[in-house]
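Data first, discussion second: the structure below is written as structure tokens.
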Amino acid sequence: SCKDDVTSSDEQQFNCVEDPHLVNIWDKCEIPYYVDASVPSQFVTKIQAAFDAWTIHTRITFKQKPESESNIRFKFEEVPGEDKCRSAVGMPYAVTFVPRQPDINPICSTHFNSRINWDNYDPLKGAEVNFQATATHEIGHSLGLKHIDNVNALMYCCDKRQTSIQ
């Protein structure tokens, strides 16, 4: 398992082995993912960059595969409802569905809200929403992480412009 390869310095940096919020549903070192055709092409590289951030901290690698071979799937579609997490735009940025029985159906599905103007992110102005940060956060859910109360953490539930794993 990849957890066996994690060093104590990795644990201190990311705490990926002892994290009480981690639900260990992945017992492999490479996780296949699929990006649906509904995802605009300019965001596919940002999804890859989000996976790269997780690879650095977890030693899990991620490889794009056909949908039938994937465990993590991404698509763009309208996500209805009001945002429980007080986003700046008043609606959910994205929703990740995690399997209730991962040993039977180990597929996570992330739906990015197509009603969001994802192209309008400007890190210098702090405007709108950061797609890559949102993708990194949602991948955390696919890996079994839940929201936490630390406002500076990537897995904090509310919009606070967090852009990296801490």
Side-chain angles (χ1 to χ4, degrees), residues 1-3 5-6 14 16 19 21-85 87-121 128-148 153-159 162-165:
S1 124
C2 288
K3 288 194 333 183
D5 295 334
V6 175
F14 185 62
C16 64
D19 190 325
H21 296 291
L22 184 63
V23 177
N24 186 18
I25 62 174
W26 307 114
D27 193 23
K28 52 187 173 181
C29 294
E30 182 179 282
I31 298 175
Y33 70 93
Y34 170 77
V35 180
D36 187 80
S38 64
V39 177
S41 59
Q42 69 266 33
F43 297 115
V44 175
T45 56
K46 294 179 183 200
I47 289 172
Q48 180 59 53
F51 277 121
D52 290 346
W54 282 106
T55 295
I56 290 168
H57 293 286
T58 64
R59 297 189 186 203
I60 297 171
T61 58
F62 303 88
K63 187 169 184 177
Q64 192 165 355
K65 297 271 191 164
E67 184 175 15
S68 62
E69 299 174 27
S70 67
N71 292 115
I72 300 175
R73 299 173 182 173
F74 297 95
K75 65 169 45 178
F76 263 58
E77 67 181 9
E78 189 170 317
V79 177
E82 303 221 355
D83 190 0
K84 298 181 275 190
C85 289
S87 76
V89 295
M91 64 182 98
Y93 295 145
V95 175
T96 295
F97 299 97
V98 179
R100 292 176 190 239
Q101 296 179 309
D103 49 338
I104 296 171
N105 182 21
I107 297 171
C108 295
S109 182
T110 295
H111 304 250
F112 294 100
N113 198 338
S114 60
R115 297 184 300 162
I116 302 289
N117 183 359
W118 295 101
D119 288 317
N120 205 19
Y121 177 67
E128 292 302 318
V129 291
N130 182 329
F131 180 84
Q132 186 173 325
T134 303
T136 307
H137 173 95
E138 296 303 324
I139 291 168
H141 289 310
S142 293
L143 294 174
L145 297 174
K146 298 178 182 179
H147 288 144
I148 61 175
L154 176 73
M155 295 310 296
Y156 183 66
C157 79
C158 305
D159 178 32
Q162 180 63 37
T163 59
S164 64
I165 298 172

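In this text, all values refer to a predicted model and were calculated from it rather than measured experimentally. We're numbering straight along the sequence, starting at 1.
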Provide the closest heavy-atom pair for [X] versus [Y] in the form atom of the first, atom of the second, distance.
| X | Y | value |
| --- | --- | --- |
| K65 | P32 | CG-CB, 3.5 Å |
| A53 | T136 | CB-CG2, 4.5 Å |
| L145 | W54 | CD1-CH2, 3.3 Å |
| Y93 | T134 | CB-CG2, 4.0 Å |
| S142 | T110 | OG-OG1, 4.1 Å |
| I47 | I139 | O-CD1, 4.3 Å |

Quick one: [atom1] on [X] to [atom2] on [Y], what's the gap to the nearest 0.5 Å?
| X | Y | atom1 | atom2 | answer |
| --- | --- | --- | --- | --- |
| H147 | L154 | NE2 | CG | 9.5 Å |
| K63 | T55 | NZ | OG1 | 13.0 Å |
| H141 | C108 | NE2 | SG | 10.5 Å |
| E30 | N71 | CD | CG | 10.5 Å |
| M155 | E138 | CE | CD | 7.0 Å |

Next on the checklist: Is it the case that the side chain of T61 and the backbone of C29 share a donor-acceptor pair, with hydrogens and angles ignored and the cut-off at 3.5 Å?
Outcome noted: yes
Next on the checklist: For P92, is there any backbone N or O sitting under 3.5 Å from a side-chain donor or acceptor partner on N113?
Outcome noted: yes
Item to check | Chi angles and distances behind the ring-ring contact (aromatic ring centres under 6.0 Å, His included) call for H111, F97 | outcome: CA-CA 8 Å; H111 304 250; F97 299 97; 5.1 Å; yes
Checklist entry - Is it true that F43 and F112 have ring centroids separated by less than 6.0 Å? => result no
For a 4.5 angstrom cut-off between non-hydrogen side-chain atoms, does [X] reach [Y]?
| X | Y | value |
| --- | --- | --- |
| T96 | I72 | no |
| E78 | S114 | yes |
| I107 | Y34 | no |
| K75 | R73 | no |

Checklist entry - Looking at residues at least two apart in the chain, or sitting in another chain, which of them share a ring pair (Phe, Tyr, Trp, His ring centres under 6.0 Å) with F51? => result Y33, F62, F74
